[in-house]
Amino acid sequence: MKIIRADVIITCPGRNFVTLKLVTDEGVYGIGDATLNGRELAVASYLRDHVCPLLVGRDPHRIEDTWQYLYKGAYWRRGPVTMSAIAAVDMALWDIKAKVAGLPLYQLLGGASRDGVMVYSHATGRDIPETLDRYAAYQEKGFKAIRVQCGVPGMASVYGVSKGGDSYEPATKGWPEEQSWSTEKYLNYVPKLFEAVREKFGFDTHLLHDVHHRLTPIEAARLGKAVEPYALFWLEDPTPAENQEGFRLIRQHTTTPIAVGEVFNSIWDCKQLIEEQLIDYIRATLTHAGGITHMRRIADLAALYQVRTGCHGPSDLSPVCMGAALHFDLWVPNFGVQEYMGYPDPALEVFPHAWSFADGFMHPGEAPGHGVDIDETLAARYPYDPAYLPVARLEDGTLTNW
Ligand SMILES: O=C(O)C(=O)C[C@H](O)[C@H](O)CO
């Protein structure tokens, strides 16, 4: 069996997605997600100009060899662009292998370790009452785990909260939006949100929150300690993780579980955090961290230290990533939770999928492969539309972490 074509498809059904399609001489094809929010064309070019020509003629079954060939063969290792491109190839190859076997992908990984994949969604509001209403609506839909984010008095915009109060999409057209940030206002307010949730809804649903890299280690330690009574499932990205030793300080002060890793793209980014047990959940995911082949290595390392997975799953990773991630989640022994923000209808139409949701759990379905396809005719109706993630400044104008 040979790969005879490798195409990159860029489409914007509500937001931009980059998809790699590998076609074989036997007519079987596979697709992989290569979307890197705000830098989509860099990965598309990496694939089109440097990877696709190398794939034509290769045996699609040699997934490991192809992974090593693209990783070691480039000489220049790691980084989000390279690793997203490798991930797309890897996902497409696993899709092909499972289709040829006539099996859903999770069966090739080792079979199901659970009946369904617990997913969390985002309850966000401009203020606490609005967030509580959204929380109630997600509970009503059956979610067992809910992330909460809300507006902070005195701050014009806050990560995770849309200005109109509807679903949150951070990327904006034109130049990156400039947002302002005050750690003091945030730290003084956010514990009140958790208190209100626990007071109104009790402790039965898992409660999550994303700090989105905004605090220093000692500030994060203070927050983790202050919110211990609300028994969070996790506090995510409390401080930027380039400085992995910084997490020691957080750990010394609080038992609030910590989740990190959505901006990671290789096992090397996770190594110290996992080996020193500085985190409880690893958030790397298939598209940005080298596909199924590499995520399995990260999860296996994490399992040695009782760190569980909590794959990143925002609406800026395509439904292809979501489908493949659900197969991974159904199999991975040290599974924790999977993020699921959902997608606008046009995206779900461009990417027909086999997954399902019921009562807080998702299942990848039994279709051979990863169960997500692309309708190329429909995709062509939604041309690429440049958009950027925002940047954040402190109130005095200093650029800070968004
Ligand atoms: O889903 C999350 O936890 C995020 O933080 C989402 C990120 O802001 C988003 O993926 C950036 O493109």
Side-chain angles (χ1 to χ4, degrees), residues 6-21 31-52 70-71 74-92 159-160 168-179 210 212-213 237 240-242 260-266 268-270 283-291 294-295 311-322 324-325 339 341 343-344 347 350-351 374 379 382-393 399-402:
D7 298 324
V8 177
I9 304 154
I10 307 177
T11 178
C12 186
R15 66 153 6 273
N16 293 310
F17 295 118
V18 179
T19 309
L20 175 71
K21 180 172 181 178
I31 60 173
D33 179 32
T35 308
L36 185 61
N37 200 5
R39 296 291 186 272
E40 296 87 1
L41 299 186
V43 190
S45 156
Y46 191 102
L47 282 167
R48 268 186 191 138
D49 299 331
H50 303 292
V51 171
C52 292
L70 295 175
Y71 183 81
Y75 186 64
W76 312 108
R77 296 183 186 195
R78 304 159 59 189
V81 174
T82 299
M83 296 305 279
S84 301
I86 294 177
V89 175
D90 188 76
M91 241 181 266
Y159 162 76
Y168 179 64
E169 167 54 67
T172 49
K173 313 285 170 211
W175 283 81
E177 186 191 332
E178 299 234 343
Q179 300 181 348
D210 187 357
H212 219 256
H213 328 273
D237 287 331
E242 288 101 321
V260 172
E262 69 184 32
V263 301
F264 289 174
N265 46 70
S266 84
W268 303 101
D269 302 321
C270 320
R283 298 257 304 136
T285 196
L286 305 182
T287 297
H288 298 148
H294 198 61
M295 269 303 292
C311 287
H312 192 208
S315 47
D316 52 78
L317 290 167
S318 96
V320 182
C321 175
M322 190 67 211
E339 184 178 22
M341 277 178 75
Y343 293 94
V350 166
F351 295 99
I374 182 164
Y382 299 102
Y384 173 67
D385 193 3
Y388 284 100
L389 286 171
V391 295
R393 292 187 186 277
L399 199 88
T400 186
N401 302 301
W402 174 72

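Nothing here was measured: the structure is a model prediction, and the numbers come from that model.
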Does [X] have any side-chain hydrogen bond (donor to acceptor under 3.5 Å, both in side chains) partners at least two apart in sequence or in another chain, and if so, which?
{"X": "T35", "result": "D33"}
{"X": "N401", "result": "none"}
{"X": "T19", "result": "none"}
{"X": "R48", "result": "none"}

Check salt bridge (charged side-chain N to carboxylate O under 4.0 Å, His left out) between [X] and all other residues, then give those that pass, not counting sequence neighbours.
{"X": "R393", "result": "E178"}
{"X": "R78", "result": "D269"}
{"X": "D210", "result": "R147"}
{"X": "E262", "result": "R283"}

Open item on the list: Within this structure, what is the OG-CG distance for the pair S84 and L20, rounded to the nearest 0.5 Å?
Closed with: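 The OG atom of S84 sits 12.0 Å away from the CG atom of L20.
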- [ ] To the nearest 0.5 angstrom, please state how far the CG atom of L47 sits from the CD1 atom of I9.
- [x]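 Here the interatomic distance stands at 11.5 Å.
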Heavy-atom closest pair, residues [X] and [Y]:
{"X": "D385", "Y": "C12", "value": "CB-SG, 3.7 Å"}
{"X": "F264", "Y": "C270", "value": "CD1-SG, 3.7 Å"}
{"X": "S315", "Y": "Y343", "value": "O-CE2, 3.7 Å"}

Task: Counterpart residues, ring pair (Phe, Tyr, Trp, His ring centres under 6.0 Å), relative to F351 (two or more places apart) - done: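 So F351 forms a ring pair (Phe, Tyr, Trp, His ring centres under 6.0 Å) with F17.
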Open item on the list: List the residues meeting ring pair (Phe, Tyr, Trp, His ring centres under 6.0 Å) with Y71, not counting sequence neighbours, and say none if there are none.
Closed with: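 Partners of Y71 by the ring pair (Phe, Tyr, Trp, His ring centres under 6.0 Å) criterion, ordered by chain and then number, come out as W67.
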Task: Student check: side-chain heavy atoms of D90 and H294 closer than 4.5 Å - done: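 D90 does not reach H294 side chain to side chain.
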- [ ] Provide the full list of salt bridge (Lys or Arg N to Asp or Glu O under 4.0 Å) pairs with a residue in residues 9-21, sequence neighbours left out, each pair given once.
- [x]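 Non-adjacent pairs meeting salt bridge (Lys or Arg N to Asp or Glu O under 4.0 Å): R15-E169, K21-E376.
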Task: Residue list, side-chain contact (heavy atoms from CB on, under 4.5 Å) with E177, at least two apart or on another chain - done: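 side-chain contact (heavy atoms from CB on, under 4.5 Å) list for E177, sorted by chain: K163, T172, Q179, P390.
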